Amino acid sequence: MPALLPDTAKVETAIIEMTNTYRGRQKLGALTANADLTRAARAYAAYLAKNNLFSHTADGRQAGDRITSAGYDWCQIGENLALHADSRGFESRSLAQKSVEGWINSPGHRANMVAPNVTEIGVGVASAPGRDPKFISVQLFARPKALEYEFQVSNTTRQSVRYTFNGEPHEIKPSYAVTHSSCNPSEISFDRFGEGAKAQRLSMRYEALDGLVYMLKPDPANGLRIEIAPFERVQ
C-alpha cells in the first residue's frame, strides 16, 4: 500500500487552527495569519528539508533575520520546529496534530505558543527527501513593530530616582528625561528617591502606557509625587 501523503497547505492551516484552540484554552487571544511570516516559515521549512538539516540556525541566521528579510518589521518573535517521519505517511490533520502536541509537551516550544503579547503567526510545512515520508514544520510567532509603545519618565526634582521597568533597574538624574520603547506591556515601579542616608524608599507602581510622560515632582509632604500627562513625540 502506498504511503499516505498530506496536503501541506491543509497541514499549515490546521496547525494555526489547533494553536489558536490551545491559546483559547489558556485564555489568550487568537493569532492572525500573516503573509510575510508565512513566506518566511515556508522558505525555511523548504531549506531545512532540501538540505536534510534541522536547526534554528541551519542557514547561519537567526529567526529574526529571516523574518526581517521577508519584509516583516517586528518587535517580538518566536520560532518552533518539528520533524516527523513515518513509512505509512500522514493524513493532513494527523501531521498537524503531531506537531502541535509535540510543541505543547515541550516547555520551550509551549512558551512560544502561549506568549501573551504575540499577535500574528506564520506556518510552513515542507516534504524532505528520503525513503519514508518526512515532513518539517516551521511555526513563527510575532508582534509587529507597529504595536510597540513608547512613554517617558521626566525628573523635575533635585534628587535621583530609581525605578524598575520590564524587570530592569534604572536611575534617572535630576532634570533628566528618559524615553522608553517596549513591545511588552509592563509596570513601572518607582523604588527610591534620593541618595545615601536620606534616601526615601518608595512603593509607587504604575502601568506603563503608550504616549504618556510620568513626571517626577517634589512634594513637601511626601518628598515625591508623580503626575501623568501626554507627551509630545519626536517625529
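Just so you know, these numbers use all the heavy atoms, side chains as well, and skip hydrogens, waters and symmetry mates. Since this is a predicted model, take the numbers as computed values, not measurements.
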Got a sec: does the CZ of Arg225 have more than 12 other heavy atoms crowding it under 6.0 Å? yes
Might you confirm whether atom CZ of Phe54 has over 12 heavy atoms from other residues, nucleotides or ligands at distances under 6.0 Å?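 Buried by this count: over 12 neighbours within 6.0 Å.
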Any donor-acceptor N/O pair, [X] side chain to [Y] backbone, under 3.5 Å:
| X | Y | value |
| --- | --- | --- |
| Ser154 | Met215 | no |
| Glu12 | Val125 | yes |
| Arg66 | Arg61 | yes |
| Arg205 | Ser189 | no |
| Asn166 | Glu168 | no |
| Asn222 | Leu224 | no |
| Arg39 | Ala70 | yes |
| Gln62 | Gly64 | no |
| Tyr72 | Asn34 | no |
| Asn20 | Leu31 | yes |

Are [X] and [Y] close enough for a salt bridge, meaning some N to O gap below 4.0 Å?
| X | Y | result |
| --- | --- | --- |
| Glu120 | Arg143 | no |
| Lys10 | Glu17 | no |
| Glu171 | Lys173 | yes |

Side chains of [X] and [Y] in contact at under 4.5 Å (non-hydrogen atoms):
| X | Y | result |
| --- | --- | --- |
| Pro185 | Leu209 | no |
| Ser99 | His84 | yes |
| Leu216 | Phe190 | yes |
| Pro133 | Ser127 | no |
| Val123 | Leu140 | no |
| Gln26 | Met113 | no |
| Arg110 | Asn105 | no |
| Gln200 | Leu202 | yes |

At what distance, to the nearest 0.5 angstrom, does [atom1] of [X] lie from [atom2] of [Y]?
| X | Y | atom1 | atom2 | result |
| --- | --- | --- | --- | --- |
| Gln97 | Ser92 | CD | OG | 12.5 Å |
| Gln159 | Arg192 | CD | CZ | 10.0 Å |
| Ile15 | Ser137 | CD1 | OG | 4.0 Å |

Working note: Thr32 + Thr119, criterion side chain to side chain contact (heavy atoms under 4.5 Å, CB included); need CA distance, chi angles, decisive distance, verdict. CA-CA 6 Å; Thr32 302; Thr119 59; over 6 Å; no
Determine whether [X] and [Y] fall in the same hydrophobic cluster, where Ile, Leu, Val, Met, Phe, Trp and Tyr are linked whenever their side-chain heavy atoms lie under 4.5 Å apart.
| X | Y | result |
| --- | --- | --- |
| Ile226 | Val178 | yes |
| Trp103 | Phe90 | yes |
| Val118 | Val138 | no |
| Ile136 | Phe141 | no |
| Leu83 | Phe135 | no |

From CA spacing to verdict: side chain to side chain contact (heavy atoms under 4.5 Å, CB included), Lys134, Asn52: CA-CA 10 Å; Lys134 180 166 66 173; Asn52 194 31; 3.2 Å; yes
Minimum heavy-atom separation for Pro6 and Val11, please, with both atom names. CB-CG2, 3.9 Å
Would Tyr149 and Cys75 satisfy side chain to side chain contact (heavy atoms under 4.5 Å, CB included), going step by step from the backbone distance to the final call? CA-CA 10 Å; Tyr149 69 96; Cys75 70; over 6 Å; no
Which of these, Asn112, Thr19, Val100, sits in a side-chain contact (heavy atoms from CB on, under 4.5 Å) with Asn80?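 Looking at Asn112, Thr19, Val100, the match for Asn80 under the side-chain contact (heavy atoms from CB on, under 4.5 Å) is Asn112.
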For residues [X] and [Y], is any side-chain donor paired with an opposing acceptor at under 3.5 Å?
| X | Y | value |
| --- | --- | --- |
| Glu79 | His56 | yes |
| Asn155 | Ser175 | no |
| Thr179 | Gln152 | yes |

When the ring centroid of His170 is compared with that of Phe165, is the distance short of 6.0 Å?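 So the answer is no for these two rings.
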Partner of Tyr214 under ring pair (Phe, Tyr, Trp, His ring centres under 6.0 Å), chosen from Phe231, Phe151, Tyr163: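 The option that passes is Phe151.
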Decide side chain to side chain contact (heavy atoms under 4.5 Å, CB included) for Asp191 and Arg201; before the verdict, give the C-alpha distance in whole Å, the side-chain angles of both, and the deciding distance to 0.1 Å. CA-CA 6 Å; Asp191 308 313; Arg201 290 188 177 276; over 6 Å; no
